Amino acid sequence: MSLRFSIDEAVQKLLPVAEKDKIQTVWDRHKDQQPQCGFGKMGICCRICWKGPCRVDPFGKGAQRGICGADAHTIVARNLIRGIAAGAASHSDHGRHIALTMREVGKGNASAYTIKDEEKLKRIAQRLGIDWEGKSIRELTKEVADASLEDYSRQDSKIPCRWAELTMTQERAAKLKQWDVMPHNIDAAVAEIMSRTHVGCDADPVNILLGGVKGAVADYTGMYLSTELSDALFGTPAPTVTEANLGVIKEDAINIAVHGHNPLLSEVVCDAAAMLNDLAKQAGAPGGFNIVGVCCTGNEVMVRHGVPLATNYLSQEMPILTGALEAMVVDVQCIMPSLGAIAQCFHTQLITTMSTTKIPGATHVQFDKENAVESARKILELAVDAYQRRDPKRVNIPQVKEKAIVGFSAEAVIGALSQLDAHDPLQPLLDNIVNGNIQGICLFAGCNSTNTLQDRSFVELAKGLAAHNVLLLATGCGAGALAKHGLMTQEATLAYAGDGLKAVLTAIGQANGLNGPLPLVLHMGSCVDNTRAVSVAVAIAQKLGVDLDRLPLVASAPEAMSEKAVAIGTWAVALGLPTHLGTVPQVLGSQVVTEVLTEKIKDITGGYFIVETDPEEAVKKLFAVIQEKRAGLNL
Ligand code: NFS
Ligand code: SF4
């Protein structure tokens, strides 16, 4: 039965355990929700004011307008961009936390943190136009943080967010300004979406969508600074070998999962666990503390420190079902409220850490940057305590895991290429794109959804595109899926890459002393790290002297579901990328909105959405787009 839900063997092994113990999982609740509301699915239900809810009859027979007169196009567009606002708010709040922490580091506070990558800090300063000569690292840290925080506070709407303007091609920045979708202030862009979609404001669907694009570019801004400042604070990822899937949970260790998105606490938990490992041994766990990751917090510590990944979004309940998880520490975003109840069926401590994300059934250990080390220690103590209550009879760890080579930041990619050409590292990549060994590049991103078979589309798309010699990058839960299924290995390159791609990955791997190729899919990090892929793309575009929409570059979110994914997808389109969605967005109730997103926006940005739920068809469509782009460059 579980085959219908997920292709992940570890999930398939644990679902019968859930069934036996009568524990509801995400898939049971998905079933309980059937049939889901057709109005909601099409985006034509409006609850913006209390005269509603209003619904528009998609068949044209019943009401065609809400009580205020809003038609399907207005309603669909408003609903969509409110999602973008939520996504942008989430990513940029994450970025704000990082920037504020960095400012404290610059002031000499927040002693749990330091600048681990000073070179990166200097590169950031240079990009932001801050002179670093003669300044101490602390001074520079504060200046970089302050400059980044200005993107949240600037009131002059003529000056664009620096982290947006300075990270894309000049042509792209000019285009976004020309369409008035370049934000001057991240928070203002989010607020503007909420205010223009209030009852009785913007009713023009195209104008509303442009407001959404601006919110999405604000999302990009917050993500970009979040990634870059995190690198300065915690180190820039470099290739490292680790493992993925539930088999990384160890029977003889005190297992702690870090889940959510923000690395501020998980970084300190990792450090504390290494330092206090004896605590675990004294408690009778010979394996010590074993930290494993879930979702994007998992990706953050995976790409920076090689912490193994337990699982991705849709199967986040499974680590608890192994009966061997002492604590699940969560921060923000993509944390299922169901974890509270499931943890209570076991000895697992669910630990919330952020005042804005509390969950019934969890123990709250408030985290703030000033007491990070104390919070981490408290969490370890709670885990040790829970370990005493572990019931060995209920331990059920699926022995399923795959090796994964991860940590391909833009710097790591350029670093690997520089072994082929130290003076001009991008040239070998360009040469191989020109000669067709590499046909194009695809970035896999986004979530898992119950609307699809978990992980299947990621795996099939990756194998399909690799066979067509497309270079593959991945982030977020997409990266989690590909890691769990063994596609971040050298073996996968040998098994699935087309001849051209295999030759290039092998040449780079050999030049880097890997004794074989690079992995088939390059793991760039968490969802905020999608901007790492942008930075590589921008470098290629600048070198070729073209804008991003002319590159043979596509993005794919085969299981998109979160509002953050809506925001990311929209900025990918704003940057000019053809962007595939494997789940159907909730917009089909408006032909106008559907046409803008899948066709008309092409005339403005060069990017557009491709909706295709069948992975085989999606491979064909994405490869066709890559061919079209190549032809446009006379390749
Ligand atoms: Ni991205 Fe990462 Fe995962 Fe989706 Fe959620 S964890 S930020 S939103 S589900 S990929
Ligand atoms: Fe209905 Fe208009 Fe109110 Fe929406 S804003 S609920 S369409 S009356």
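The shown structure was predicted, so the numbers you read here are calculated from the model rather than taken from an experiment. Residue indices begin at 1 and follow the sequence shown. We count ligands from 1, going down the list as the structure has it; atoms in each ligand are counted the same way.
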N/O donor-acceptor pair under 3.5 Å between H580 side chain and E612 backbone: yes
The protein heavy atom nearest to atom 3 (Fe) of ligand 1 is C477 SG, 2.3 Å
So if I count the atoms of ligand 2 from 1 in the order they appear, which ones are less than 4.0 Å from some heavy atom of K51? 8 (S)
Just to check, does Q333 reach to within less than 4.0 Å of ligand 1 when the distance is taken from its heavy atoms? no
Are a donor atom and an acceptor atom from the side chains of H261 and K564 found within less than 3.5 Å of each other? yes
Test: D93 and R96 ion pair at under 4.0 Å: yes
Closest non-hydrogen protein atom to atom 6 (S) of ligand 1, residue and atom name please, with distance? H261 NE2, 3.1 Å
Closer than 4.0 Å to some heavy atom of M561 - which atoms of ligand 1 meet that? 9 (S)
Heavy-atom check, side chain of Q349 versus side chain of V329, under 4.5 Å: no
Which option out of C46, A72, C54 puts a heavy atom nearest to atom 4 (Fe) of ligand 2? C46
Per-atom filter on ligand 2: closer than 4.0 angstrom to a heavy atom of G66 are 7 (S)
Please confirm whether H198 approaches ligand 2 to less than 4.0 Å, judged on its heavy atoms. no
Please report which non-hydrogen protein atom sits nearest to atom 4 (Fe) of ligand 1, along with the residue it belongs to and the distance in Å to one decimal place. C447 SG, 2.5 Å
Just by distance, with hydrogens left out, do Q454 and D8 show a side-chain donor and acceptor under 3.5 Å apart? no
Below 4.5 Å, heavy atoms only, C-beta onward: do S230 and R304 meet side chain to side chain? yes
Q591 atom CD, neighbour heavy-atom count above 12 within 6.0 Å: no
Considering the heavy atoms of G52, write down every atom of ligand 2 situated less than 4.0 Å from one of them. 6 (S)
Gap between atom SG of C477 and atom CE of M561 - 0.5 Å precision: 7.0 Å
Indicate yes or no: at least one non-hydrogen side-chain atom of D219 is less than 4.5 angstrom from one of I84. no
Check each atom of ligand 2 against the heavy atoms of R78 and keep those under 4.0 Å away; list them by number with element. 4 (Fe), 5 (S)
Where does S562 meet ligand 1, judged by heavy-atom distances below 4.0 Å: at the side chain, the backbone, both, or neither? side chain
So among T236, D231, T475, which one has a side chain to side chain donor-acceptor pair (under 3.5 Å) with R532? D231
Kindly confirm whether atom 4 (Fe) of ligand 1 is within less than 2.8 Å of some N/O/S atom in C334? no
What are the atoms of ligand 1, with element, lying closer than 4.0 Å to any heavy atom of C295? 6 (S)
Should L14 and P398 count as side-chain neighbours, where that means a heavy-atom distance under 4.5 Å? yes
Name the closest protein heavy atom to atom 3 (Fe) of ligand 2, giving the residue it belongs to and the distance to 0.1 Å. C49 SG, 2.3 Å
Who's closest to atom 8 (S) of ligand 2 heavy-atom-wise, of A70, G69, C68? C68
Does any part of the side chain of T452, heavy atoms only, come nearer than 4.5 Å to the side chain of T613, both counted from C-beta? no
Looking only at heavy atoms, is any part of R55 under 4.0 Å from ligand 2, and if so is it the side chain, the backbone, or both, or is it neither? neither
Which atoms of ligand 1 sit under 4.0 Å from any heavy atom of Y313? 9 (S)
Short N/O/S contact of C527 with atom 1 (Ni) of ligand 1 (below 2.8 Å): yes
Given T297, T353, T357, the one that forms side chain to side chain donor-acceptor pair (under 3.5 Å) with D331: T297
If you have a sec, work out which protein heavy atom is nearest atom 2 (Fe) of ligand 1 and how many Å separate them, to one decimal? C296 SG, 2.3 Å
Judged by non-hydrogen atoms, does G446 sit under 4.0 Å from ligand 1? yes
